[in-house]
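Below is one structure, written out as structure tokens; the observations come after it.
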There are 2 protein chains.
Amino acid sequence: MATKTKKGKDGTTEQKIKEAARKLFTQKGFAATKTRDIANEAGINLALLNYYFRSKEKLFDIIMSENLEQFIRGVAVLMLDEKASVSEKLEKLISIYIDMLTQEPDLPIFIINTLRNNPSEMVIKMNAEIGAARDFFEKQIKREIKSGKIPQPVMDPFHLIANMIGLTIFPFVARPLLMRRANINDKQFNAYMQERKTLIPKWLMAMQNIK
Amino acid sequence: MATKTKKGKDGTTEQKIKEAARKLFTQKGFAATKTRDIANEAGINLALLNYYFRSKEKLFDIIMSENLEQFIRGVAVLMLDEKASVSEKLEKLISIYIDMLTQEPDLPIFIINTLRNNPSEMVIKMNAEIGAARDFFEKQIKREIKSGKIPQPVMDPFHLIANMIGLTIFPFVARPLLMRRANINDKQFNAYMQERKTLIPKWLMAMQNIK
DNA sequence: GTCTATATTCTGATAGAC
DNA sequence: GTCTATCAGAATATAGAC
């Protein structure tokens, strides 16, 4: 890339295009986002988009890649931490995700939609990237179960994952629906999410005993 | 509509188009679905689509309307039931949704995406349609809390709704992700969902005691 | 009602001046 | 690097024969 020297600099034309693209792609998806909309949002000319990124598809790939990376950023490192216990890691995971999604509420729905429509090689590759950390974490879980550090009975792993992710991420996915139903504004929604940081781990513990 | 006499008849051209449209719109959304794909899927000519439905947008509106209706079908009636207690209703609600989504796994993501992009008048109207039943149900909840039928302490309504919907619906939203992560097939996924019918109410009960 | 052919608009991408 | 003008193809919609 010819302009790599300016990478990250805000205000750069390249950067403006990427920001506009991220906003629209993340909000509306690939097909519903028109290149003209991106150019408009970025306040630049349509031709510049192709000058910098060659095609809509390549631009989307970059955005998707960065979105995915952000979505798993820090998580792999966190999982690989040798010192932290499983329950400590779970608490931190939930907290990190809630903070991230408070900043970027559209991320989960974008990831879900993109995974559904493009199980492309890159996505699979990204998946592999976090795979090692996940394997490590899962082994740690099994170890702690064996050693009795995690109290029995233990929830089926499928349900545990589904519940943890569901309780943490779903409110952001259904955000407009929940906000309308509860008749609350952005600030109140975020306050509820902050509450959930401490509630979800406790809830998950309480659910463990159910058979 | 000129062809209303054949309404509901399967095999009708109109019906074939609608079925194809429902499948594609629900799977891929409005923008990513091409009218040619619909015609193709329905095994008819492109021109017929416009003959029956005038435009892609009108066709989409019909599909969206029916999808939304299906999504809330039976629920209003269930909520308005005078005899059933709150906890009985919750159990039934969860069970109904899991059965419905097992048949139509793409429904939630479609609804969520559509609500995000088109908070149109029709959607608001639909929302109002279920509003009365919801109000009735919420009053019943308050009554049962007062009378002590629902044991204290009680979870904040926002969290309760978020948890109930999240635990029930989210697995279907994240279905591909969960299936890959747990390395299971469709049949196993559905079996897990059946399990959740009885687990979720118990989980929700156990969570009630957390402060 | 159904089809083929065609009109019309939209959209992604490029050429070429500055 | 940035813009205007324009092209080529895709996508929606319609005309008109049968």
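A, B, ... follow the sequence lines: proteins, then strands. Residue 1 opens every chain.
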Nearest-neighbour nucleotide for the B/Ala47 side chain, C/dC3, C/dA13, D/dT4 considered: C/dC3
Residue pair B/Lys197 / B/Gln194, side-chain donor-acceptor N/O under 3.5 Å: yes
Any A/Thr35 side-chain N or O less than 4.0 Å from OP1/OP2 of C/dG12: yes
Sugar-phosphate, base or nothing in reach of B/Arg54, heavy atoms under 4.0 Å: sugar-phosphate
Distance, rounded to the nearest Å, where A/Leu46 contributes CG and C/dA15 contributes P: 14 Å
Nearest-Å distance for atom pair CG/P, residues B/Asn40 and C/dC3: 12 Å
Separation of atom NZ in A/Lys56 from atom C1' in C/dT11, rounded to whole Å: 8 Å
A/Ser55 vs C/dG12: side-chain N/O to OP1/OP2 distance below 4.0 Å: no
Modelled atom types, side-chain donor and acceptor of A/Tyr51 and A/Asn45, under 3.5 Å: no
Nucleotide D/dC7, atom P - distance to CZ of A/Arg36 in whole Å: 14 Å
side-chain N/O A/Asn50 vs C/dG12 OP1/OP2, d < 4.0 Å: no
Rounded distance (Å) that lies between atom P of D/dA11 and atom CG of B/Leu24: 14 Å
Spacing between A/Leu48 atom CG and C/dC18 atom C1', to the nearest angstrom: 13 Å
Nucleotide of D/dG1, D/dC3, C/dC3 approaching A/Asn45 most closely (side-chain heavy atoms): D/dC3
Nearest-angstrom distance from the residue atom CG of A/Leu49 to C1' of C/dG12: 10 Å
A/Ser55 to A/Asn50 - nearest heavy-atom pair and separation: CA-ND2, 4.2 Å
A/Gln188 side chain to A/Asn185 backbone, donor-acceptor under 3.5 Å: yes
Side chain of A/Thr13 (C-beta onward), nearest among D/dA11, C/dG12, D/dT2: D/dT2
Salt-bridge criterion met for B/Arg22 and B/Glu19 (N-O under 4.0 Å): yes
Integer-rounded Å distance: C/dT11 P and A/Lys34 NZ: 5 Å
D/dG1 phosphate, OP1 or OP2, under 4.0 Å from A/Tyr52 side-chain N/O: yes
